[in-house]
Amino acid sequence: MIEESADPWLTRRESEIREWRGTERQRASGASGGARQELDAHVAAPNVPGIPAGLYHYNAREHSLELLREGFTHAEAGALCVHQEGIDQAAFIVFVVAAWERMRAMYRHPRAYRVSHLNAGHLGQTFALAATTLGLGPFQTAAFDDTTVEGHFGLDSTTHSTLYALAAGHPSPDTATDSADLNAFRHTTLRPRTTGTV
């Protein structure tokens, strides 16, 4: 039974989120259709101080990394993601994996597949913002070998699909820091739409 909060600023939905099988439920940082939280984070860490190189699964309930396999190199990371520079040099890579059964438990129509991809995009944007705030250089890609990635993490490709690879590391000192400031927008010509065009 959900009790109404005495605090008028705490909505019923927030109360519901806090009660979940007698424990405090974790809140997600991004969108999740139907609150299914179907996205898992599988982490490849070739060079993170304080964490042994290896493959990990992020356990959201315990807010911890579970070691799946010891040892992981930049060469392996590159091989998984067609040797893109952002992956080859990253300190860690987060492979965003959809657990389809969690989504199918509530949504049995094809649009659920699309919603999972949108959720992955929201997560990718949050990742980029958080990494940048921490002074890291984020890198995102969908160019990876799905079957090989899923094999490395011991996932069944019929029940789990890798949707996105999110990587970060410390940028090298000679990395260009081009940014779009207000002048970039002042020099952009905006044209009104012609009637009858889309």
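Predicted model only: the values in this text are computed from it and were never measured.
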For F127 and V94, run side chain to side chain contact (heavy atoms under 4.5 Å, CB included): C-alpha distance rounded to whole Å, both residues' side-chain angles, the deciding distance at 0.1 Å, then the answer.
CA-CA 10 Å; F127 177 89; V94 178; 4.2 Å; yes
Can you name the nearest heavy-atom pair linking [X] to [Y], along with the distance?
X: F95; Y: A44; value: CE1-CB, 4.1 Å
X: L163; Y: H117; value: CD2-NE2, 3.5 Å
X: P171; Y: G135; value: CD-O, 3.6 Å
X: D40; Y: A99; value: OD2-CB, 4.3 Å
X: L166; Y: G124; value: CD2-CA, 3.8 Å

So how far is it from [X] [atom1] to [Y] [atom2], rounded to the nearest 0.5 Å?
X: L155; Y: D146; atom1: CG; atom2: CG; result: 11.5 Å
X: E76; Y: I87; atom1: CD; atom2: CD1; result: 13.5 Å
X: H152; Y: F72; atom1: NE2; atom2: CZ; result: 6.0 Å
X: T141; Y: Y164; atom1: OG1; atom2: OH; result: 8.5 Å
X: L39; Y: L123; atom1: CG; atom2: CG; result: 6.5 Å
X: T147; Y: L80; atom1: OG1; atom2: CG; result: 11.5 Å

Might you work through the side chain to side chain contact (heavy atoms under 4.5 Å, CB included) test for V82 and F144, ending with a clear yes or no?
CA-CA 6 Å; V82 295; F144 49 82; over 6 Å; no
Would you say the side chain of [Y] lies within less than 4.5 Å of the side chain of [X], judging by non-hydrogen atoms?
X: H74; Y: N47; result: yes
X: P46; Y: T73; result: no
X: F153; Y: L68; result: yes
X: H63; Y: Y58; result: yes

The test is side chain to side chain contact (heavy atoms under 4.5 Å, CB included); show your working for H170 and L136 and say whether it passes.
CA-CA 5 Å; H170 290 283; L136 300 173; 3.6 Å; yes
So does [Y] get a backbone contact from the side chain of [X], meaning a donor-acceptor N/O pair under 3.5 Å?
X: Q84; Y: C81; value: yes
X: T132; Y: L129; value: no
X: R114; Y: S116; value: no
X: Q140; Y: A167; value: no
X: E150; Y: T162; value: yes
X: H83; Y: D88; value: no

When hydrophobic residues are tied together by side-chain contacts of less than 4.5 Å, even through go-betweens, does F92 share a cluster with V96?
yes
Show, in sequence, the C-alpha distance, side-chain angles and deciding distance for H57 and L65, and conclude whether the side chain to side chain contact (heavy atoms under 4.5 Å, CB included) test is met.
CA-CA 6 Å; H57 171 257; L65 290 175; over 6 Å; no
